[in-house]
Amino acid sequence: MKHLFGKPSLRFLRRGIALTALVIAAAACEHKPLCWHHPHTGMLKVDFAWWDAPEGEDLVKSMALYVYPKDGSERKRIDFVGTSGGIIELLTGDYDFLCLNSDTETLLYEGTDSHKTFSVYTREAHPLSGMEVRAGDFDLSESYEYIKRAEGTENERVSREAEDAYGHAVENINVHGDPGVMQVVTLYPKNLTIHIHVVAEDVGCLETVQKISGTISGLAGKVAAADASRIGEHNIVPFSLLQTDEHTLEGHFISFGHCPDSKSKAHKLAIYVVTEDDDHRFFEFDVSDQIELAPNQRYITVVVKGLDICGMKDMGVVVDPWIGIPPIVIPMD
């Protein structure tokens with residue numbers, strides 16, 4: 001009897017094991033399609049809408065998204081090619097986001113640990129940077145502080161020209177991570193910089209010029225990436241001047257604009273000239289109204305007239321050597 005009943009018991013056991021394996025395999029097959037992403041992350045579509053700066057959509061080559069977790073964990077940077085944005089995956093939680101075009105070479109950043117303190121600036125420059133002076137032309141290391149400045153601008157920092165910059169920030173975005181849901185966050189990049197076009201008309205004695213350049217003072221030293229507000233101390237920005245016809249000079253540069261909350265500082269246009277006789281001349285104009293009252297604060301045109309390279313006219317142009325002589329110090333016994 002033991003032999004008769006032993007065989008069926010073994011067959012039933014084997015069938016039970018096989019059936020169990022099939023059930024486990026079927027459950028695994030049913031579960032896999034539901035695990036299309038980690039249950040503690042969310043899919044987020046980042047969209048850059050260029051309503052406030054439509055030209056940027058064609059000019060910008062790449063964008064950076066700075067992700068700031070509200071729980072205080074480390075921020076991260078995500079780069080996108082082009083200006084449309086893309087899809088990212090983040091841990092569920094609350095975030096602040098800041099965007100900034102990343103296709104620049106000369107812009108510097110500080111305060112990047114928070115979107116509220118993230119600012120853009122440029123490195124220090126020489127007042128004659130627009131003249132493209134070479135080391136052999138002047139001893140720049142020693143002559144820097146002796147180069148004549150426009151009145152009232154002697155202590156302003158001289159900074160390099162900026163590049164086109166676009167930024168924006170949004171706050172308190174919750175990434176919920178609901179399965180199968182694609183969230184969308186939209187940022188609206190704004191102009192962080194302005195273009196200044198300088199025109200000098202009715203210029204006399206242009207034929208005597210060997211080198212020429214200009215600077216404009218009273219411009220913002222930094223700009224906040226989140227909201228385009230101008231911050232920092234006033235700066236002087238050098239730029240090149242080119243002769244565009246027999247009696248006209250023109251220059252163009254990009255800066256962070258003027259500080260609208262500061263009326264005490266004037267915007268002074270200074271023009272530096274080296275003549276063919278190696279004579280150094282300096283001319284000064286107050287262009288505050290033209291900059292601060294310009295109808296288009298994105299593209300400002302500054303026009304001055306009556307500049308005479310050979311001398312001084314009645315319109316108040318100041319002519320003076322712009323490389324000063326260091327004071328002679330006589331030691332006392």
Side-chain angles (χ1 to χ4, degrees), residues 123-161 196-219 234-253 255 265-288 290-291 301-330:
R123 64 176 175 81
E124 193 169 3
H126 192 277
L128 303 182
S129 297
M131 199 176 286
E132 298 181 351
V133 293
R134 299 181 299 274
D137 295 331
F138 308 101
D139 186 352
L140 301 184
S141 62
E142 295 183 359
S143 65
Y144 181 98
E145 62 181 299
Y146 301 117
I147 292 178
K148 185 173 178 61
R149 308 281 190 91
E151 184 179 0
T153 71
E154 294 82 1
N155 297 321
E156 291 190 21
R157 178 180 183 265
V158 182
S159 61
R160 182 172 177 171
E161 175 186 359
I196 298 181
H197 181 205
V198 178
V199 182
E201 300 177 343
D202 303 328
V203 182
C205 292
L206 266 178
E207 68 279 3
T208 67
V209 173
Q210 178 189 164
K211 295 181 180 181
I212 189 166
S213 67
T215 66
I216 288 185
S217 66
L219 299 172
H234 292 83
N235 279 212
I236 295 171
V237 180
F239 59 94
S240 300
L241 280 169
L242 298 174
Q243 183 174 353
T244 55
D245 67 31
E246 187 177 0
H247 298 289
T248 304
L249 292 166
E250 294 189 55
H252 175 271
F253 67 97
S255 78
K265 284 285 187 179
H267 299 291
K268 297 289 186 69
L269 166 63
I271 296 179
Y272 298 90
V273 180
V274 179
T275 68
E276 291 179 337
D277 297 329
D278 202 31
D279 184 19
H280 301 158
R281 292 181 176 269
F282 174 87
F283 303 85
E284 176 183 332
F285 302 85
D286 189 329
V287 295
S288 302
Q290 293 191 59
I291 291 179
T301 299
V302 172
V303 180
V304 294
K305 297 182 179 182
L307 173 63
D308 185 3
I309 304 299
C310 296
M312 182 168 56
K313 290 197 172 181
D314 295 336
M315 47 102 41
V317 180
V318 177
V319 182
D320 205 9
W322 45 259
I323 297 290
I325 300 175
I328 299 174
V329 179
I330 301 176

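Just so it is clear, the model here is predicted, and its values are computed rather than measured.
- Although no hydrogens or angles enter the test, the distance criterion places no donor-acceptor pair under 3.5 Å between the side chain of D277 and the main chain of D279.
- A donor-acceptor contact shorter than 3.5 Å links the side chain of Y272 to the backbone of K148.
- Ring-plane geometry between H197 and H252 is classed as tilted, the angle between the planes lying from 30 to 60 degrees on a 0 to 90 degree scale.
- Note that the CG atom of D202 and the OG1 atom of T248 stand 7.0 Å from one another [nearest 0.5 Å].
- Taking every heavy atom of both residues into account, T208 and C310 meet most closely at CG2-SG, 4.4 Å.
- For the pair P238/L128, no side-chain contact is recorded, criterion being any heavy-atom separation below 4.5 Å from C-beta on.
- Once rounded to the nearest 0.5 Å, the distance linking CD of Q243 with CD1 of I212 reads 9.0 Å.
- For the pair I236/P127, no side-chain contact is recorded, criterion being any heavy-atom separation below 4.5 Å from C-beta on.
- Here the closest non-hydrogen pair linking S159 and A125 is C-CB, 3.8 Å.
- Note that OG1 of T215 is 11.5 Å distant from CG of N235, once rounded to the nearest 0.5 Å.
- Listed for the E201 side chain is no donor-acceptor partner under 3.5 Å among the backbone atoms of V303.
- Using a distance-only test at 3.5 Å, with no hydrogens or angles considered, no donor-acceptor pair links the side chain of S213 to the main chain of L241.
- One finds no salt bridge joining E154 and R149 here, because no Lys/Arg side-chain nitrogen approaches an Asp/Glu carboxylate oxygen to under 4.0 Å.
- Taking SG of C205 as the reference point, atom CG of L307 lies at 9.5 Å (rounded to 0.5 Å).
- Contact between F285 and K305 at its shortest, heavy atoms only, is CE2-O, 4.4 Å.
- Proximity of a side-chain donor or acceptor of H280 to a complementary backbone N or O of V274 within less than 3.5 Å is not detected.
- Checked by atom type and distance alone, the side chain of S288 pairs as donor or acceptor with a backbone atom of H267 at under 3.5 Å.
- Using a 4.5 Å heavy-atom threshold, the side chains of I216 and V237 count as separate.
- The 12-atom threshold is exceeded at CG of D245, counting heavy atoms of other residues, nucleotides or ligands nearer than 6.0 Å.
- Taking 4.0 Å as the cut-off between side-chain N and carboxylate O, E284 and K268 count as a salt-bridged pair.
- In this structure, H234 contributes its side chain and L219 its backbone to no donor-acceptor pair below 3.5 Å.
- Heavy atoms from other residues, nucleotides or ligands lying under 6.0 Å from CD of E276 number more than 12.
- With hydrogens and angles disregarded, a donor-acceptor distance shorter than 3.5 Å links the side chain of R281 to the backbone of I309.
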